[in-house]
Amino acid sequence: MKAKTAIPAVLASLALAAGAEVFADGFFKNLMNSETIRASIANTDAAKEYSQIRNLIERVNEIPKDPRAFCEKYATRENLDRAVDKIREIDVSACEEDVKAAKEEIVKSGEKLSETLAKMPNAAPDKNAALSALASSLLGGKSSGGSNFAEELGECLKQFNESAAKLAEIAAKRLKK
């Protein structure tokens, strides 16, 4: 608890010292990037939790939410597996159980997405063409085959995005404390 009260105390003292003009646009973004703030809270549990949540969200956000962008970026299962492994490797030891559970849910939905991607039909001349057709299908276009695959992959991507949204909600609540 001591660490969680240290951050507001530091913020309050800086706000009073700097005056009213410090609350301009971008103040809090600049404040959290401030070397003074980082140095004063660097070894606190709150700082570790903040850093770990931020790293996790950055890794999750590397996987596109849009079906077309997803298909373009992950033309092979190996690429997606590397992205999921990076998420799995993020340390969340300083975080509470809800963040750890959200991370596990994201990893599981990423693994399911990868397993589904491995089922991609080989009817297209190459994987990029198949994924382009899939993206078109997911966005409402007509696909000439593989529609079950498209629906299954679309559902998996939807589940992954829902898991990511849960993490974002948890992070927003946690960082407001």
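In this structure, the separation between CD on E96 and CD on E49 is 5.5 Å, given to the nearest 0.5 Å. Atom CD of Q159 sits about 5.0 Å away from atom CD of E155, to the nearest 0.5 Å. The CZ atom of R59 sits 11.0 Å away from the CG atom of D85 when rounded to the nearest 0.5 Å. The SG atom of C156 lies 12.0 Å from the CD atom of E111; values are rounded to the nearest 0.5 Å. The CG atom of L153 lies 5.5 Å from the CZ atom of F70; values are rounded to the nearest 0.5 Å. Here the straight-line distance linking atom CD of E115 with atom CD of E152 works out to 9.5 Å at 0.5 Å rounding.
Partners of E105 by side-chain hydrogen bond (donor to acceptor under 3.5 Å, both in side chains), not counting sequence neighbours, listed by chain and number: S163, K166. By the side-chain contact (heavy atoms from CB on, under 4.5 Å) test, R54 pairs with Y50, S51, E58, sequence neighbours left out.
Counting heavy atoms from C-beta on, the side chains of R82 and N79 come closer than 4.5 Å. In this structure, I53 and I57 have side chains that are in contact, with non-hydrogen atoms separated by less than 4.5 Å. A 4.5 Å side-chain heavy-atom check between I63 and L80 finds at least one atom pair inside the cut-off. Between R88 and V84, the closest side-chain pair of non-hydrogen atoms falls below 4.5 Å.
Remark: the backbone N or O of L117 is not paired with any side-chain donor or acceptor of R77 at under 3.5 angstrom. Under a 3.5 Å cut-off, the side chain of Q52 and the backbone N or O of S93 do form a donor-acceptor pair.
K73 NZ: more than 12 foreign heavy atoms inside a 6.0 Å radius. Remark: K65 NZ is packed, more than 12 non-hydrogen atoms of other residues, nucleotides or ligands lying under 6.0 Å away.
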